[in-house]
Undergrad: 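What follows is a single structure, and I will ask about it in a moment.
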Amino acid sequence: MCGIAGYIGHKPAGQVLIVALERLKYRGYDSAGLALVDEGEIRLRRAAGKLKNLSDKLDAVPAPGTCGIAHTRWATHGPPTEANCHPHLSGDERIAVVHNGIIENHEELRRELQAQGAVFRSETDTEVIPHLIASVYRGKPLEAVRATVARLRGSFAFAVVFADQPRRIIAVRQGSPLLVGRGRSAPGSAPAGRARNDRSVTDGGTPSDQRELLIASDIPALLPHATEMLVLEDGQIADLGEHGVRITTFTGSPVTAVFKPIEITAEAVSKGKHDTFMAKEIAEQPEVLRRLLDSRLRDGRLVEPDLGVDLRAVNHLVFLACGTSWHAALNGRRYLESLARVHVEVDISSEYRYRNPIAAGGTLVVSISQSGETADTIAGQRLARAKFIPVVALVNVVTSTIARESGGVLPLLAGPEIGVASTKAYTAQLFALWLFALQVAKAKGLLDPETESKAIAAALRLPGQVAETLAGCESAVAEAADLFSAANDTVFLGRGGEHPTALEGALKLKEIAYVHASGYPAGEFKHGPIAQVTAKLPVICLCPHDQLYEKMLSNVQEVRARHGRIIGVGHAGDRQLKDLCDHVFPVARADDEMLQPLLSILPLQRYAYHVARRRDCDVDQPRNLAKSVTVE
Ligand code: M6R
């Protein structure tokens, strides 16, 4: 959790870093802070609560400087108070550090440093870092940071500035993501604000071409200043300064810095005409699915991304995922079993990582993750790799740890997903899993050309059906939200492919509207949970015309007989459903039944959004959450 950023350039660093934090706050947002280096001093501004509190503070007491680091926090060690806000300082306040991750041996280091006289001002694990650096700092930042990382255990990405190194940031990566960005060169323009006595490069280096230099936990925070970036690897240190960017390993071996152009635009990470990122991302779904499909079609046939695995030999698949990605995996199992006849297990990553899974031949692990940085999924796939099980990643962020540690990557191409509630990544995951199932089926000789053509025709019509559903369900959804936004419990029922939809609909309502909600396989409801039904309980029933439609209607009858308030999700014009339900959210009918869950989820995303708005909840930054769960 947490996001870190850093900037060296010619613009006021405070303003640049506030924008960077704005784009990182999906990673945590319970406090924020920054440290700028100016005239041989570190200027610290920190505030508990939302980022707005920090920017108000910066407006009230501006901090000059064109070099600095910043942090947005999701509390792990210590509550979200100002004292626990990053950056943290050394005892003499000459060194400042921002950190993402966990220092596992912080207790032991804290005791050791206290015995040497260090006075700690926070409860965080991070604070040991500036104290450790200070204890070995003799004017050579890289040497001090290298000596410090040798003492740390855990997973971390951190950045350091020094009061006596006015245009220098040292950034370290071990287990948490970190990117280095670089702007266009501006030949001849000396950076404004450069201290005259700046002789910061004490460790050698090449002359600077005066580009803006940045670091960040994620790409959006590098924009619009950086035009190219590199992904720092575990065990590497980036030294940013007048000399440009130098990368070395923890033991000091030089590494060639290879920058690649950044392909994401600043528009892709703004809300555009929408009031929230969630609303924007829901609306983007037709375009996301179209893009994904385009990338997988050539001359009207499906093209198979090279995953570096012989899919013909795969006879056992394990999906590893958390949260929404786990819901997508549940439908992935249906796709793989039905189309490719492969035995599939779906595992919650935090459970898999502590089991002793069997590594039989023919097993393939597929990690499913929007962010690619979910700690439990990373640990699960590392366990699989340690057992020599091949791993493939289905991820949205292709520069992520999960992608880089996998043998092959299936990209979701959904574009940056910033709202904490996953929406467009979920439908992209379902679609990508269905395409993957077709790929495995094809490799195994189970997909004849006619079936492939039919599948492609269904896929081509899907983006239009998504757009039609989003437009067609809106008024019914808003009306139901008016009626039920005060309800503190909601039940979601679905069968077959719609069972994951029920789970996902419930998760959306819980996480952004704080409504207690449960999703059940509808056939299971009568085995206990049906006792909850009263005339006040909204029960959302997923009833598209699939092979379990009749069974599902019987389950709806059971709820109706107990006076539950029924909201049906089904096809416009379904009279039978209309007669049974108090309200209907109309959805288009997918040409291929397996794709129907991509349509059925849409009104549930919008319902959660509307209920959250009516309950005055912060849709994009719900309480207690962060977008990437990079802690266990
Ligand atoms: O980035 P990932 O897909 O690995 O994230 C997994 C979950 O943390 C995530 O899906 C979470 O449940 C979302 N907030 C759901 O909207």
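Each ligand, and each atom within it, is numbered from 1 in the order the structure gives.
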Undergrad: Can you tell me the protein heavy atom closest to atom 1 (O) of ligand 1 and the distance?
TA: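 For this ligand atom, the closest protein heavy atom is Ser371 OG, 2.7 Å.
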
Undergrad: Under 3.5 Å, is there a donor-acceptor pair linking the side chains of Gln381 and Ser367?
TA: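 A pair is found: one side chain offers a donor N or O, the other an acceptor, under 3.5 Å apart.
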
Undergrad: Pick whichever of Ala608, Pro622, Cys322, Gly323 has a heavy atom sitting closest to atom 6 (C) of ligand 1.
TA: Cys322

Undergrad: Quick one: which ligand 1 atoms are inside 4.0 Å of a heavy atom on Ala421?
TA: 16 (O)

Undergrad: Atoms of ligand 1 less than 4.0 Å from Ser422 heavy atoms?
TA: 15 (C), 16 (O)

Undergrad: At less than 4.0 angstrom from any non-hydrogen atom of Lys508, what atoms of ligand 1 do you find?
TA: 15 (C), 16 (O)

Undergrad: Parallel under 30°, tilted from 30 to 60°, perpendicular over 60°: which one fits the rings of His71 and His86?
TA: parallel

Undergrad: Give the ring-plane orientation class for His343 versus His316, where under 30° counts as parallel, over 60° as perpendicular and anything between as tilted.
TA: parallel

Undergrad: For His610 and Glu474, test the side chains for any donor-to-acceptor distance below 3.5 angstrom and give the result as yes or no.
TA: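 Per modelled atom types, His610 and Glu474 side chains form a pair under 3.5 Å.
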
Undergrad: Indicate yes or no: does an N/O atom of Gln429 lie under 3.5 Å from an N/O atom of ligand 1?
TA: no

Undergrad: What is the nearest protein non-hydrogen atom to atom 8 (O) of ligand 1, stated with its residue, atom name and distance?
TA: Val629 CG2, 3.9 Å

Undergrad: Below 4.0 Å, non-hydrogen atoms only: which portion of Glu373 touches ligand 1? Side chain, backbone, both or neither.
TA: neither

Undergrad: Quick check: His583 with Phe484 (ring centres under 6.0 Å apart)?
TA: yes

Undergrad: Hey, which atoms in ligand 1 end up nearer than 4.0 Å to a heavy atom of Ser325?
TA: 2 (P), 3 (O), 10 (O)

Undergrad: Flag the pair Arg495 and Asp546 as a salt bridge only when some basic side-chain nitrogen lies within less than 4.0 angstrom of an acidic carboxylate oxygen.
TA: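 Looking at Arg495 and Asp546, the cut-off is not met.
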
Undergrad: Does at least one non-hydrogen atom of Thr377 fall below 4.0 angstrom from an atom of ligand 1?
TA: no

Undergrad: When you measure from the centre of the six-membered ring of Phe156, is the NZ or CZ of Arg173 closer than 6.0 Å and no more than 45° off the axis?
TA: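 No, Arg173 does not sit over the ring of Phe156.
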
Undergrad: Starting from atom 9 (C) of ligand 1, locate the nearest protein heavy atom and write down its residue, its atom name and how far away it is, to 0.1 Å.
TA: Thr324 N, 4.1 Å

Undergrad: Side chains of Ser600 and Glu498 only: does a donor on one sit below 3.5 Å from an acceptor on the other?
TA: yes

Undergrad: Would you mind finding which of Leu320, Thr374, Asp376, Thr423 brings a heavy atom closest to atom 5 (O) of ligand 1?
TA: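 Considering heavy atoms of Leu320, Thr374, Asp376, Thr423, the nearest to atom 5 (O) of ligand 1 sits in Thr374.
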
Undergrad: For atom 14 (N) of ligand 1, grab the closest protein heavy atom and report residue, atom and distance to one decimal in Å.
TA: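 Ranking protein heavy atoms by distance from atom 14 (N) of ligand 1, first comes Glu511 OE1, 2.8 Å.
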
Undergrad: How about Asn488 and His516: does a side-chain donor come under 3.5 Å of a side-chain acceptor?
TA: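 Side chains of Asn488 and His516: no pair found under 3.5 Å.
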
Undergrad: Under 4.0 Å from a heavy atom of Val420: give me the atoms of ligand 1 that qualify, with their elements.
TA: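 Counting from 1, the qualifying ligand atoms are 13 (C), 14 (N), 16 (O).
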
